[in-house]
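One structure is given below, encoded as structure tokens.
Any value given below was found using the heavy atoms of this structure, including those in side chains, with hydrogens, waters and symmetry copies removed.
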Amino acid sequence: MKLINNTTNRILYKLGKSNDSEIATASIAAFKLFFIPMAALGDKKSTNEQKKYVIKRDIITETAALLSYIGITRVIKNNLTSPVCKKYYKDKAKKLVKNRKLDISSDDFKILTNIDGKALKNYAVSDLAQNGNLLTKEQSKHIKSLENVVLKFKDYLQSPKDLYLNTKKSISHICVCTLALSLIPFMTNKILEALGKANALKKTKTQETFKIPDINEYFAKISRKDKKCPW
Amino acid sequence: MSLVVNFLTNPNTANFVQNSSLQVISEGCLKAIGRPAFTLLDKTAGEKEKKYSASRELIYQSLSIFSYFALIFPIRKNTFRLLKHFPQLKDCDAVYAKTSEEFKNKLKTLKDSEVKTKIGGAQELMSIIASGIILAVIAPRIVNKIIHPVMQKLDLEKKDEQKNTNVDIKI
């Protein structure tokens, strides 16, 4: 009971704090993986070939969707969020120097242009998973100095935590959209093609094993034997 | 490059993306274009199967988007009524609100940010479950009923092309 309570607690916190696109879309894909082929079976007016094709396609598509939403999206957002955040602070620092309306010291400029991506990630993730502090001493120093700079230019810069979480959500959604529009249906076509080829190979093999001997060839062999025959 | 970075780091983009209903709608719109198009490009199936599968997908995705507007948003508005059933939120006063306005006002005055986050999470969770039921259970059944009449109207299927189970063979 305690385990269920804790898990629900974590899920609620995670969904409330950072509801990344792949969570909703992957859970719906899991629902669809089971129910949509069942519904296709229930269509009484379609032919067996149509049903077979739709069910095959739906199962492959939803499995590909489920796996890629969880796998590909996670890999991309984990690897791309920190570089994008770093680029954001770098661009903003350069604009601050150009603007001249807001005075930025050389130390502040250095901090903004040399962000530690790992520190930024650990800082945001430790808060998200309620895991406590994941930062090393150096990393927490770095984040503190960054937060101080952000406080100075409050109206101009996003806080590191907000920036990381916002960017992660956006990347996740764009990734899901790209997968939905082109990659998943493309993958489905390729898988269907490979399955078709494999089936064709199987058929030719079975035909070869059960090949009916050619009568003419058989007689030709016999006649050749006859020629060799001494009597 | 900086345009992309600006778009990705914009808090407005993140606010739009945070809502699971909008996530599913935008994904559905893209699916309605991508999936039928790729189905028609498939070389492994016959024309009839491809047409059936593509139209099924198109009708299903369009219906999903329509049902989202019609059902999910009203459901989402009323999810606050079920919040009191979550043991994690039982101690919070806001979950016992009787109207959505009362709930919103109570939520604004709530100081505990963790409980606030969990309330948002519970609403998202219920919205995902409702979406799953609507999209995976109800919508495909409706598609089964309307697909053949729609295909016939669009001249993608003839009436006699449907499954003939009682074929009389006369010798």
Compare all side-chain heavy atoms of A/D43 with those of B/H148 and state whether any distance is below 4.5 angstrom.
yes
Contact leader toward chain B among A/K52, A/R57, A/E49, where contacts are heavy-atom pairs under 4.5 Å:
A/R57
A/S27 versus chain B, the contacting section by heavy-atom distance below 4.5 Å:
side chain
A/E62 vs B/R35, test: salt bridge (charged side-chain N to carboxylate O under 4.0 Å, His left out). Steps then yes/no.
CA-CA 11 Å; A/E62 296 307 337; B/R35 287 196 181 177; 3.1 Å; yes
Sub-4.5 Å side-chain heavy-atom contact between A/I36 and B/Y60
yes
Are the side chain of B/N144 and the backbone N or O of A/A39 linked by a donor-acceptor pair below 3.5 Å?
yes
Region of B/E57 in contact with chain A, defined by heavy-atom distances below 4.5 Å:
side chain
Look up atom CD1 in A/I11 and atom CD in B/E124, then write down how far apart they are to the nearest 0.5 Å.
13.5 Å
Which of these passes side chain to side chain contact (heavy atoms under 4.5 Å, CB included) with B/T9: A/V84, A/N166, A/T81?
A/V84
Residue, of A/G196, A/G42, A/S182, A/S170, that accumulates the most heavy atom pairs under 4.5 Å with chain B
A/S170
Interatomic distance, CD@B/E114 vs CG@A/N9, rounded to 0.5 Å, equals 7.0 Å
In terms of heavy-atom proximity below 4.5 Å to chain B, should A/I174 be classed as side chain, backbone, both, or neither?
side chain
Which bit of A/D58 comes within less than 4.5 Å of chain B, counting heavy atoms only: side chain, backbone, both or neither?
side chain
As an exercise: rank B/L89, B/T39, B/N15, B/I129 by heavy-atom pairs under 4.5 Å with chain A and give me the winner.
B/T39
Side chain, backbone, both or neither: which part of A/Y53 has an atom under 4.5 Å from a heavy atom of chain B?
side chain
If I measure from the heavy atoms of chain B, does A/L192 come under 4.5 Å with its side chain, its backbone, both, or neither?
both
Per-residue contact mode, B/P87 against chain A (heavy atom under 4.5 angstrom)
side chain
Any non-hydrogen side-chain atom of B/T44 less than 4.5 Å from a side-chain atom of A/L195?
no
Measuring from A/M38:CE to B/R141:CZ, what's the distance to the nearest 0.5 Å?
8.0 Å
Segment of A/A40 engaging chain B (4.5 angstrom heavy-atom cut-off)
both
So what's closer than 4.5 Å to chain A heavy atoms on B/I119: side chain, backbone, both or neither?
neither
Here the pair of heavy atoms bringing B/A136 nearest to A/F31 is CB-CB, 3.6 Å
For the CD1 atom of A/I55 and the OG atom of B/S53, what is their distance to the nearest 0.5 Å?
11.0 Å
Proximal component of A/L179, with respect to chain B [non-hydrogen, under 4.5 Å]:
neither
Could you give the distance from SG (A/C85) to CG (B/L8), rounded to the nearest 0.5 Å?
9.5 Å
Dump the intermediate steps for side-chain contact (heavy atoms from CB on, under 4.5 Å) on A/V54 and B/R56, then the final yes or no.
CA-CA 9 Å; A/V54 166; B/R56 197 181 165 84; 3.8 Å; yes
Bottom line for B/K50: the part with an atom under 4.5 Å from chain A's heavy atoms is both
Greatest number of non-hydrogen atom pairs under 4.5 angstrom with chain A, of B/A37, B/G120, B/S131, B/P11, falls to B/P11
Best-contacting candidate, B/N10, B/L125, B/T117, against chain A by heavy atom pairs under 4.5 angstrom:
B/T117
With a 4.5 Å heavy-atom cut-off, do A/H173 and B/S26 have their side chains touching?
yes
Top contributor to chain B contacts, counting heavy-atom pairs under 4.5 Å, from A/E193, A/K56, A/Q158:
A/Q158
What one should report as the nearest heavy-atom pair of B/F38 and A/N189 is O-ND2, 2.8 Å
How many angstroms lie between CD1 in A/I171 and OG1 in B/T13, if you round to the nearest 0.5 Å?
11.0 Å
